[in-house]
J.: 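Take a look at the following structure, please.
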Amino acid sequence: MFGFSSLRCVDCEYVDPKDRNSCGEAYCSVEKDYVSLDSHTCRYFSPNFYVMTAYCDIKGVPYECTQMTTLIELRDEYMVNNQLGQEFLSEYEIIGPAIAIRLRCDIYKTDIVKEMEDEYILPAIHFVNSGLNEEAQATYIEMIEKLKIRYGY
């Protein structure tokens with residue numbers, strides 16, 4: 001698959017690196033704007049939901065599983081549109097890859113993923129399905145906060 005450090009717009013299927021503006025930015029058909037290929041981490045590049053991607057890999061489930069698609073929906077339709085969600089996602093772009101790498105290497109990763117699923121992921125999905133996006137966001141953020149503590153962030 002993809003290395004976490006390479007999850008940039010240049011890797012995204014929605015960006016045309018041949019269509020550049022005068023600043024060297026490439027056109028993104030989703031953003032309908034030009035984006036920097038050097039510093040912008042693409043939120044539309046499906047494997048960039050770092051911890052959930054690690055979760056899917058460890059569980060052996062496809063990235064298109066209900067857990068992933070529901071939480072991506074939460075991110076794209078709710079979290080990016082409120083201040084707490086935006087602040088969290090901004091920090092997550094920095095720490096998410098490192099947490100995911102440490103999770104993948106953790107000797108207890110199977111147990112951790114089971115706990116993530118039971119205590120955070122399934123409840124967050126229930127909240128989303130019930131229209132309780134604020135609660136879903138809080139649950140997901142709490143999960144990442146717990147992982148930050150475990151891995152020293």
J.: Output, in order, the C-alpha distance, side-chain angles, deciding distance and verdict of side chain to side chain donor-acceptor pair (under 3.5 Å) for Tyr34 and Asp19.
T.: CA-CA 9 Å; Tyr34 288 86; Asp19 181 1; 2.9 Å; yes
J.: Do Gln86 side-chain atoms and Val80 backbone N/O form a donor-acceptor pair below 3.5 Å?
T.: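 Yes; judged by distance alone, with no hydrogens or angles, the pair exists.
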J.: Start with the C-alpha gap between Tyr55 and Glu117, add the side-chain angles, then the distance that decides, and say whether side chain to side chain contact (heavy atoms under 4.5 Å, CB included) holds.
T.: CA-CA 9 Å; Tyr55 162 88; Glu117 184 174 67; 2.4 Å; yes
J.: Check whether Arg75 reaches the backbone of Met79 with its side chain - one donor and one acceptor, N or O, closer than 3.5 Å.
T.: no
J.: Can a salt bridge be assigned to the pair Arg102 and Asp106 using a cut-off of 4.0 Å between side-chain N and carboxylate O?
T.: no
J.: Closer than 4.0 angstrom, basic N to acidic O: yes or no for Glu91 and Lys148?
T.: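 Yes.
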J.: Apply ring pair (Phe, Tyr, Trp, His ring centres under 6.0 Å) to Tyr120 and list each qualifying residue two or more places apart in sequence or on a separate chain.
T.: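 Expected list: none.
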J.: Check whether any side-chain heavy atom of Cys56 sits under 4.5 Å from a side-chain heavy atom of Pro62, and report yes or no.
T.: no
J.: To the nearest 0.5 Å, what is the distance between CD1 (Ile144) and OG1 (Thr139)?
T.: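 Atom-to-atom, Ile144:CD1 and Thr139:OG1 are 12.0 Å apart.
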J.: Tell me every residue that passes side chain to side chain contact (heavy atoms under 4.5 Å, CB included) with Glu134, counting only those two or more places apart in sequence or in another chain.
T.: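 Expected list: Tyr78.
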J.: Is it true that Tyr63 and Asp57 share a donor-acceptor pair across their side chains at a distance under 3.5 Å?
T.: yes
J.: Going only through I, L, V, M, F, W and Y residues with side-chain contacts under 4.5 Å, is there a path from Ile112 to Ile107?
T.: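 Yes.
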J.: Are Tyr140 and Phe49 an aromatic pair by the rule of ring centers under 6.0 Å?
T.: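 For Tyr140 and Phe49, the ring centres are under 6.0 Å apart.
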J.: Kindly say whether Leu103 contributes a backbone atom to a donor-acceptor pair with the side chain of Lys109 at under 3.5 angstrom?
T.: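 No; zero donor-acceptor contacts below 3.5 Å.
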J.: Could you go through Gln137 and Asn82, starting from their C-alpha distance and side-chain angles, then the distance that decides it, and tell me whether this counts as side chain to side chain donor-acceptor pair (under 3.5 Å)?
T.: CA-CA 10 Å; Gln137 175 178 275; Asn82 71 76; 2.9 Å; yes
J.: Can you tell if the side chain of Arg150 reaches within under 4.5 Å of the side chain of Ile99, non-hydrogen atoms only?
T.: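 Contact flag for Arg150/Ile99 side chains = no.
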